[in-house]
2 protein chains.
Amino acid sequence: MKAATIRDVALRATVSVASVSRVLNGAGPVAEPTRRRVLEAVEALQYVPHSGARSLSTSKTNTVGVILPDLFGEFFSELIRGLDVAAREHGYHLIVSSSHDDADEASAAIRSMRGRVDGLIVLSPHMDAANLAASLAGRLPVLLMNGGATDAGRPSIVVDNHGGAVTAVKHLLDTGRTRIAHIAGPAGNLEAESRLAGYGEAMARAGLETTVVEGDFTQASGHRAAARLIADGQSLDGLFAGNDMMAVGALLAFQEAGLRCPEDIAVVGFDDVPIAGLVRPSLTTMRIRIAETGRSALKRLVGLIEANTGADVACDVVRPELVIRQSSGQAATPDRRAAANRAPTATGSSQLGEVRDV
Amino acid sequence: MKAATIRDVALRATVSVASVSRVLNGAGPVAEPTRRRVLEAVEALQYVPHSGARSLSTSKTNTVGVILPDLFGEFFSELIRGLDVAAREHGYHLIVSSSHDDADEASAAIRSMRGRVDGLIVLSPHMDAANLAASLAGRLPVLLMNGGATDAGRPSIVVDNHGGAVTAVKHLLDTGRTRIAHIAGPAGNLEAESRLAGYGEAMARAGLETTVVEGDFTQASGHRAAARLIADGQSLDGLFAGNDMMAVGALLAFQEAGLRCPEDIAVVGFDDVPIAGLVRPSLTTMRIRIAETGRSALKRLVGLIEANTGADVACDVVRPELVIRQSSGQAATPDRRAAANRAPTATGSSQLGEVRDV
DNA sequence: CTGTTAGCGCGTTCAA
DNA sequence: TTGAACGCGCTAACAG
């Protein structure tokens with residue numbers, strides 16, 4: 001009991017496969033009676049076109065692949081959400097391939113995409129352009145989002161991690177903090193390194209010393225790193241975490257240690273994942289409109305696919321935007337009545353909207 | 001400048017395409033010199049097999065499709081993570097198709113999968129078995145996770161939503177709460193309805209009246225629903241939310257209204273998404289090991305695909321497990337030093353591990 | 001051990 | 001307006 005093919009339909013409708021194809025694709029002239037008979041047969045046989053076969057014959061899969069390092073945390077899930085809705089809008093399917101911790105794995109994943117997809121979005125913070133190019137046999141449209149240096153000559157979208165980090169640190173300085181530590185992302189990760197560099201630059205410019213502990217972008221690593229900072233007896237009054245998840249981990253560690261945030265120590269994260277607005281104190285962070293970025297990435301890739309000219313080699317840069325919440329001491333608890341269980345904070349409920357708009 | 005095909009390789013290595021295929025797939029006998037020449041040609045031409053063509057000829061795509069209602073919230077992203085790692089382990093790719101709000105859309109999505117995948121995992125809380133069967137031309141292995149009644153005759157995994165809801169409400173009763181409201185998921189959603197029914201049953205059994213407000217599983221809807229409950233002047237002391245995201249929304253609404261949780265009102269959620277352990281107060285909830293469930297779902301589907309017998313028609317049931325945290329008043333703030341900014345809670349730090357183990 | 005050939009299911013010329 | 005035949009790139013029989 002196998003699935004019906006276009007042949008079965010043709011046979012039952014007593015027409016040729018070509019006619020069936022014409023009817024189904026609305027291409028070419030078809031007489032009304034023929035058309036009717038075909039549709040009847042399709043209905044009777046529950047026929048559904050075999051997209052694999054169609055792809056082979058049209059060299060069009062209507063699918064795009066997404067190469068990711070891993071799927072932990074909210075960043076990537078938000079991104080996928082954005083990609084997915086855009087894909088649907090443009091009539092594309094999405095095939096995801098994650099857990100590529102090094103360049104080799106990512107490279108293998110890219111190769112395995114040949115014949116499955118019409119284009120690729122690559123987020124591999126460990127892979128440079130050269131490495132990537134080598135993985136790319138056959139001219140498959142690729143959009144790079146590997147957060148590295150502007151990989152010249154390839155269409156790409158990068159986040160201004162350096163600039164964002166500088167802004168974050170400046171914000172902490174603006175609130176009067178001077179002993180500011182940084183929890184960095186994993187070494188070798190291009191995004192992590194840019195943010196670290198931005199932190200370093202901003203601190204140097206202010207004539208301040210730096211304190212850096214390495215994490216791996218997970219909440220647990222942020223927790224550990226913060227615990228270490230406390231144990232080291234550092235008298236900190238500010239923390240810039242390499243991403244929100246680590247910042248959240250640090251927040252909890254501070255809380256466990258009896259440190260009040262933002263009174264004792266102010267915290268700023270990076271990414272603005274949905275959870276950032278939901279923790280207490282809510283997290284000041286550098287906002288990347290993640291899902292939105294995903295949408296535009298997919299849209300751009302579709303452009304690359306459909307206008308198969310190599311014209312678009314621009315490097316869009318996404319500039320993160322400072323979102324001030326409670327953790328940096330500038331937003332108040334949005335309580336309306338007595339907030340007996342919370343320490344008073346500086347200002348009124350001016351940031352209520354911001355806290356909610358996640 | 002097109003990508004090289006197996007023919008190009010054969011030509012360059014002066015062998016037949018069959019030999020190339022044999023070398024690349026390690027199937028059949030190949031003489032060493034032949035083998036070497038083929039590999040050289042592959043290298044020189046940067047040849048990568050076209051998996052679409054391979055699929056057509058082997059009727060094997062090594063891809064599984066996942067049909068989802070949407071991608072909001074952490075539940076689905078956690079699930080996808082579990083599915084993805086398991087897929088990788090088993091040598092499969094994952095193609096996701098989401099945003100299917102009604103049965104028709106889901107049905108169309110399922111059809112569009114023919115020829116792309118070897119099997120399907122369907123999460124469509126709106127689609128019953130009959131509807132699904134109609135969408136399935138050709139016998140494609142399908143694993144159902146639509147949370148509905150045990151769809152007899154089809155392999156499926158269901159969460160014991162009813163039992164979980166009863167447990168959740170019982171827990172609230174155990175802590176001495178009696179005026180317990182429920183924020184339900186969207187009408188028509190099978191999971192939401194089971195949880196609602198469980199709530200109703202547990203309340204009835206305790207001889208208590210019910211209060212239900214409808215939400216849609218989003219954090220915002222939970223916030224709105226809680227606000228409505230407050231505005232209605234209900235003197236509640238307990239809340240069972242249909243899922244964690246709505247519970248988190250409610251938590252914030254209570255906070256804004258000056259209600260203390262758990263002192264004034266205890267809250268229990270459902271799912272145990274990662275965020276549940278990170279909000280404050282941390283959220284008591286019914287734990288579903290989401291990623292783990294995804295892993296086993298994929299594993300089971302692979303079993304269905306590879307042993308193509310219709311033997312497996314069981315309905316695995318996942319029993320949610322109560323995780324007690326701060327929001328139901330039984331777990332303490334895990335502060336070590338002075339916790340001046342927090343109201344005292346009932347017990348010591350006995351639940352510290354549970355709060356952390358997310 | 002190796003090459004030839006027939007499909008896999010579909011779109012698409014090109015004649016009729 | 002229709003149908004026969006070829007090709008997409010590859011695997012798998014079957015000869016040699």
Side-chain angles (χ1 to χ4, degrees), chain A residues 2-39 41-42 45-63 111-118 137-138 140, chain B residues 2-39 41-42 45-63 111-118 137-138 140:
Chain A
K2 308 193 58 177
T5 77
I6 197 175
R7 262 188 157 72
D8 302 324
V9 176
L11 232 58
R12 191 174 215 280
T14 55
V15 297
S16 73
V17 294
S19 293
V20 178
S21 178
R22 284 185 200 109
V23 171
L24 264 39
N25 298 313
V30 196
E32 189 48 33
T34 311
R35 174 186 180 67
R36 236 181 1 84
R37 288 220 310 285
V38 168
L39 291 178
V42 165
L45 268 45
Q46 295 270 42
Y47 171 69
V48 179
H50 186 290
S51 24
R54 188 203 296 254
S55 294
L56 188 56
S57 117
T58 58
S59 347
K60 236 295 189 176
T61 62
N62 290 305
T63 303
R111 270 194 299 273
S112 82
M113 288 293 183
R114 159 148 142 92
R116 288 179 188 289
V117 302
D118 297 330
L140 198 61
Chain B
K2 309 193 56 177
T5 76
I6 197 174
R7 262 187 157 75
D8 301 325
V9 176
L11 232 58
R12 191 176 216 278
T14 56
V15 296
S16 72
V17 292
S19 293
V20 177
S21 177
R22 283 185 200 109
V23 171
L24 264 40
N25 298 315
V30 195
E32 188 48 33
T34 312
R35 174 187 180 68
R36 237 182 359 86
R37 290 220 309 285
V38 168
L39 291 178
V42 165
L45 268 46
Q46 295 270 42
Y47 171 69
V48 178
H50 187 291
S51 24
R54 188 201 296 251
S55 294
L56 187 56
S57 120
T58 58
S59 353
K60 236 294 190 178
T61 62
N62 290 306
T63 303
R111 270 194 299 273
S112 83
M113 288 293 182
R114 158 149 144 96
R116 288 179 187 289
V117 301
D118 297 329
L140 198 61

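Bear in mind the structure is a predicted one, so any value in this text is a computation, not a measurement. Naming: A, B, ... by sequence-line order, numbering from 1 per chain.
Distance B:Ile6 CD1 to D:dG9 C1': 8 Å, rounded to the nearest Å. In this structure, CG of A:Asn62 is placed 12 Å from P of C:dG11, rounded to the nearest angstrom. As a whole-Å value, the separation of A:Lys60 NZ from C:dC10 P is 19 Å. Rounding to whole angstrom units, CZ of residue A:Arg36 and P of D:dT1 are separated by 16 Å.
Nucleic acid contact class of A:Ser59 (heavy atoms, under 4.0 Å, all strands): none.
Not a single donor-acceptor pair under 3.5 Å links the side chain of A:Arg12 to the backbone N or O of A:Ala41.
The side chain of B:Asn25 approaches D:dT11 more closely than any other nucleotide in the set D:dT1, C:dG9, D:dT11. Set against D:dC10, D:dG7, D:dC14, the side chain of A:Ser57 has D:dG7 as its closest nucleotide. Closest approach to the A:Val30 side chain among D:dT2, D:dA5, C:dC1 is made by D:dT2 (side chain taken as heavy atoms from C-beta onward). Nearest nucleotide to the side chain of A:Ser21, out of C:dC10, C:dT12, D:dT11: C:dT12. Comparing C:dC10, D:dT11, C:dT12 by their closest approach to the side chain of A:Ala18 singles out C:dT12. Residue A:Arg22 places its side chain closer to D:dT2 than to any other of D:dT2, C:dG3, C:dG11.
Neither OP1 nor OP2 of D:dG9 sits under 4.0 Å from any side-chain N or O of B:Arg54. The side chain of B:Arg114 places an N or O atom within less than 4.0 Å of a non-bridging phosphate oxygen (OP1 or OP2) of C:dC10. In this structure, A:Ser16 reaches the D:dG3 phosphate: one of its side-chain N or O atoms is under 4.0 Å from OP1 or OP2.
Rounding to the nearest 0.5 Å gives a distance of 12.5 Å between CD1 of B:Ile6 and NE2 of B:His50.
Judged by distance alone, the side chains of A:Arg54 and A:Asn25 do bring a donor and an acceptor atom under 3.5 Å apart.
Of all heavy-atom pairs spanning A:Thr63 and B:Arg116, the tightest one is OG1-NH1, 3.0 Å.
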